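Keep in mind that what you see is a predicted model, and the values were worked out from it rather than measured. First the proteins, then the strands, lettered A, B, ... as listed; each starts at 1.
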Amino acid sequence: MLNAECPMPLRLGPQGLHKAFRITRSAFCLKRKKMELSKNYIPNEIEAKWYTHWLDKDYFSSKPDGREPYTVVIPPPNVTGVLHMGHCLNNTIQDILVRRARMHGKNACWVPGTDHASIATEAKVVHMLRERGITKSSLSRDEFLQYAWEWKEKYGGIILQQLKKIGCSLDWERTSFTMDPDYYESVIKVFVSLYEEGLIYRGKRMINWDVKALTALSDEEVIRKETQQKLYHLQYRLENADGSDTAEHVTIATVRPETIMGDTAICVHPNDERYKHIHGKFAIVPLINRRIPIITDEYVAMDFGTGALKVTPAHDMNDNQLGQKHGLEVVDIFNDDGTLNSAAEIYVGLDRFEARKKIVVQLEAEGYLVKTEDYTSEVGYSERTDAVVEPRLSLQWWVDMKKLSGPALDAVMNEEINFHPAKFKNLYRHWMENIKDWCISRQLWWGHRIPAYYAPDGSFAVAVSKDDALKQLQSSNSSLQSHDIRQDDDCLDTWFSSWLWPFEVFKGLSDPGNAEVEYYYPTNTLVTAPEIIFFWVARMIMAGKKFMGEKPFNDVYFTGIVRDKQGRKMSKSLGNSPDLLALIDQYGADAVRFGIMIASPAGNDILFDESSLEQGRNFNNKLWNALKLIKMWEGRQAETTPNPKQQTTNFAIEWFENRLNLVKSEVNEMMVQFRLSEALKTIYSLIWDDFCSWYLEWIKPGFEQPIDAAVYQKTLVYFEELMELLHPFMPFISEEIYHLLQDRKDDLCVKQMAALQSFDGSILEAGELLKQVISALRDARNKNQIKPKDPIKLHIQATAEESYRSIENILLKQVNAESIFYTAETVPNTIVVAVEKDKFFIETERQLDTATLQAELLKDLEHQKKFLETVLKKLGNERFVQNAKNEVIELERKKQADAEARIKTILESLQNLGE
RNA sequence: GGGAGCAUAGCUCAGCUGGUUUAGAGCAUCUGCCUUACAAGCAGAGGGUCCGCGGUUCGAACCCGUGUGCUCCCACCA
């Protein structure tokens, strides 16, 4: 395996990598002077060299000017993040769009940055402190934050450095962070203004509680997973209203027996015949003997479990609603960390799942457990800590989403913002139409602290500063002093800052109307994963509309989710996520970019397979070898002389030039439609098939022969143009080849692409015909076991002889013919090959295997006859002839003529064989 | 329970507005080549009930209906 040693350490701090690039580059330049082109392409040094060069030249930095901007803001990765496949896909796509825009005269601006990721970062810091023997609870808020910033400065943002390895052309001077001072200020401003408008409120509601992170979670942060559980059937003794024993029982089914101490009712369906006789009675909660009422509600499903439901308003979303409806008592039996509190009366201090085990044992021992069933249902887990989420009643801050969602929904539905692929519009609409209020408070220290200030009497004020808050509070209590009031301890949900990202990176809120935001906003394209369409995309649209009065972007490109070969999502816990940096070292960044792009149309999940990286590496190598071939000709140019071979090479040039123009238009069209992988495929095939396999072979001079100087110069131009097309996708090798082809002072990275040119269809057709002829003749050689080295004599019976005379040279070497003759008659004892209306007779020394040939011909004849039949049937159909478009009918006539000609040839050939 | 999407070669996928479709590409397979750019390569080949069924149409991989299978999203049946 070719695994060149990495010239630089893999993981470096923020400054290290750039430095490493510089050192490598100078070493490389020294070596370069006497360097021959290596056998295979070796990417590592070349990639480091060019990235440094581009940075030195400041190509990625953007300032407002007279050009049209092309703006992309990076979806800010977590500051704790490490580059993985998803990032690689996402950022490669952005880089392709940005580089292409840069080469098309736009002022391309791609803004990098990171997200403070409150839960993830706080968890990392807590972990780091624990290793040093420090507990969070022993620290003051300020002390903790000091450690957190220390951690952020030291380890945070590694991912941004890693993006350089894959070639991302980000404007590094614009690197933003969601907790930069200006940004922080804007987040607070937004909170205050939404509060003043009545769109933010404080309320006690059921929330999703993360018992590990000790914080509330928004609905979107809860992952529901199918979980194997047990459904326990528990018997509750019944009492009459007067307290006398009925000697009856009611059996309920529950998956959470540890919550029975929080039960405050048992509920049955009012129409359930089985339970009508117990309406109005009371049940006794086992183990703790609390007396609770039997209530009725249509909410209960009669056909599930036993049809009787225990109601625990403190620990279940539905039970809470039932509780409110029926005025039930709320008994909260859990502490913050998921252990039982004194309200539980028993097993106090024990973890909820430990308590469950013990309670089940006790219930069974005391005869309350009548049945246990296996049961699978969806359980909520914290996205960040994977703890089972505990529904909990709690006082939190909320955003009223109803008013914000309207304009954001419209913007997408009326295509002011375009989704690619459009299918995500439905998903978006569904969510927006059923939107719920957003819980934005988090019980964390790392993040934007909620700007609410409390007076000792519990009243509070929301303001951008403590002083402002004090003034507000003093209006009702003039004796209040600054030291009397206390700021809310909680932080805001991370998304409450990232929803401002597309404009706040240009200080759209902290410095309203500044020249930058006026120029760059709204941004052009957002590239992101469909997973965060609600978390982020929807909220950015709301924020853009609300705070800037304008959409945040024109287009949203949704990538697929990168999965492993078995279709599983890549995740840390599965360990199926490959080490991206190791892959880059092994295959090269261009190959990785190629591999991940070649099979990933917008919105389709991609099954990651290393073989596509191999394909990318092989493509690099192909390019490298084409370069070597052309470089061999550099010193062997001959002045143009009028000789018969001239015409041949003219044809090749003319054909490729037209082909290039055609493909350029095609690629352009695909790029406009965001069909990136198709565009890459098209370029790949243009280079490998048309340029290398056909064009270069057609113009290739004989062994140690000179090449026509004009042809050579044209070839350089074509190769450069191919590199131009390829550059956005594979920036490193294309830049390298651009410079190795000729001594260029400019750089491909900022080269402006020429306007599209028209192409001549008839030349392209002639080229296709030539390819067909060559392939057919080669196939005939193969089938007749003519060794590649054995030359043939070729007889051509053509409708237009001249067209072959002008390309004789190409034909001679492509099919290894020693001579070409033209004939009007069938040539006996030859292999006959028909292409369109022309016939080719291969004369060879070799004994022909007539039996095999005959069998082949008969098979073909059969096929052609069948085909002709279907065509004739179609043409015989009056309604077809009446209704179909003229071109379609013409085409069918052509098919008919071709098939008939072909059948005739086959018959002649069979006759020829018989002789 | 509600919604969305997908089903094309052994595998991964293209196939945009129904007609250049006699359905393509890469990988894998087979045959022949170490031809002085490239064996990480070259020249070829084989391989398909376009998930089943029904319909619309002169014409369907494509549109409609239906069945089956898979995936994802949303939702409070303990």
Heavy-atom nearest pair, A:Trp698 first then A:Gly767, reads CH2-O, 4.3 Å

Do you know the tightest heavy-atom contact between A:Val881 and A:Ile889? O-CD1, 3.4 Å

[N] - base-pair partner by Watson-Crick or wobble geometry, distances under 3.5 Å:
{"N": "B:C38", "result": "none"}
{"N": "B:C16", "result": "none"}
{"N": "B:A75", "result": "none"}
{"N": "B:C30", "result": "B:G44"}
{"N": "B:U22", "result": "none"}
{"N": "B:G59", "result": "none"}
{"N": "B:C70", "result": "B:G5"}

Validation row, ring centre A:Tyr712 to ring centre A:Trp633 under 6.0 Å: no

[atom1] atom, [N] versus [M]: distance in rounded Å?
{"N": "B:C33", "M": "B:U20", "atom1": "C1'", "result": "35 Å"}
{"N": "B:A43", "M": "B:U35", "atom1": "C1'", "result": "11 Å"}
{"N": "B:U71", "M": "B:A25", "atom1": "C1'", "result": "25 Å"}
{"N": "B:A60", "M": "B:G54", "atom1": "C1'", "result": "14 Å"}
{"N": "B:G46", "M": "B:G59", "atom1": "P", "result": "31 Å"}
{"N": "B:G67", "M": "B:C77", "atom1": "P", "result": "25 Å"}
{"N": "B:C73", "M": "B:C30", "atom1": "C1'", "result": "45 Å"}
{"N": "B:G5", "M": "B:C76", "atom1": "C1'", "result": "26 Å"}

Does a side-chain N or O from [X] land closer than 4.0 Å to OP1 or OP2 of [N], or not?
{"X": "A:Lys895", "N": "B:U22", "result": "yes"}
{"X": "A:Ser612", "N": "B:C27", "result": "no"}
{"X": "A:Lys873", "N": "B:C58", "result": "no"}
{"X": "A:Lys866", "N": "B:U22", "result": "no"}

Find the distance [X]:[atom1] to [N]:[atom2] and express it as a whole number of Å.
{"X": "A:Ile598", "N": "B:G26", "atom1": "CD1", "atom2": "P", "result": "10 Å"}
{"X": "A:Lys874", "N": "B:U57", "atom1": "NZ", "atom2": "C1'", "result": "12 Å"}
{"X": "A:Asn434", "N": "B:A4", "atom1": "CG", "atom2": "C1'", "result": "14 Å"}
{"X": "A:Ile687", "N": "B:A25", "atom1": "CD1", "atom2": "C1'", "result": "16 Å"}
{"X": "A:Lys894", "N": "B:U22", "atom1": "NZ", "atom2": "P", "result": "12 Å"}
{"X": "A:Ile774", "N": "B:A43", "atom1": "CD1", "atom2": "P", "result": "11 Å"}
{"X": "A:Lys628", "N": "B:A39", "atom1": "NZ", "atom2": "P", "result": "8 Å"}
{"X": "A:Asp590", "N": "B:A40", "atom1": "CG", "atom2": "P", "result": "20 Å"}

For a side chain to side chain donor-acceptor pair (under 3.5 Å) check, start with the C-alpha distance between A:Asn44 and A:Asp585, then their side-chain angles and the critical distance, and finish with the verdict. CA-CA 7 Å; A:Asn44 306 52; A:Asp585 271 331; 3.1 Å; yes

Heavy-atom contacts, protein to nucleotides 69-78 of chain B, under 4.0 Å, summarised as B (base), S (sugar-phosphate only) or - (none) per nt, yield ---SS-BBBB

Looking only at side-chain N and O atoms, does A:Tyr275 offer a donor or acceptor that is under 3.5 Å from a partner on A:Thr296? no

Assess, by modelled atom type and distance only, whether the side chains of A:Glu768 and A:Gln772 contain a donor and an acceptor separated by less than 3.5 Å. no

So does A:Glu697 reach the base of B:A37 with its side chain, donor to acceptor, closer than 3.5 Å? yes

With A:Gln896 as partner, the option from A:Glu900, A:Glu892, A:Arg893, A:Lys894 fulfilling side-chain hydrogen bond (donor to acceptor under 3.5 Å, both in side chains) is A:Glu900

Check side chain to side chain contact (heavy atoms under 4.5 Å, CB included) between A:Gln785 and all other residues, then give those that pass, not counting sequence neighbours. A:Arg846

Go through residues 777-789 of chain A and report each residue with a non-hydrogen atom lying under 4.0 Å from RNA chain B, sorted by number. A:Arg778, A:Asp779, A:Asn782, A:Lys787

Closest nucleotide among [options] to the [X] side chain:
{"X": "A:Val888", "options": "B:C38, B:C58, B:G19", "value": "B:G19"}
{"X": "A:Glu678", "options": "B:A14, B:U22, B:A37", "value": "B:A14"}
{"X": "A:Lys622", "options": "B:G19, B:U22, B:A37", "value": "B:A37"}
{"X": "A:His863", "options": "B:C13, B:C58, B:U22", "value": "B:U22"}

Under 3.5 Å, is there a donor-acceptor pair between the side chain of A:Arg617 and the main chain of A:Gly588? no

Please verify the inter-ring angle class for A:Phe419 with A:Phe558; under 30° counts as parallel, over 60° as perpendicular, anything in between as tilted. perpendicular

Classify the ring geometry between A:Phe594 and A:Tyr684 as parallel (under 30°), tilted (30 to 60°) or perpendicular (over 60°). tilted

Which is true for [X] with a 4.0 Å heavy-atom rule: it touches a base, it touches only sugar-phosphate, or it touches nothing?
{"X": "A:Asn877", "result": "sugar-phosphate"}
{"X": "A:Cys267", "result": "nothing"}
{"X": "A:Lys39", "result": "sugar-phosphate"}
{"X": "A:Met632", "result": "sugar-phosphate"}

Carboxylate-amine/guanidinium proximity below 4.0 Å for A:Arg902 and A:Asp898: no

Residue mapping more 5' on RNA chain B - nearest nucleotide basis, A:Glu765 or A:Lys423: A:Lys423

Rounded distance [0.5 Å steps], CG in A:Leu676 versus NZ in A:Lys681: 12.0 Å

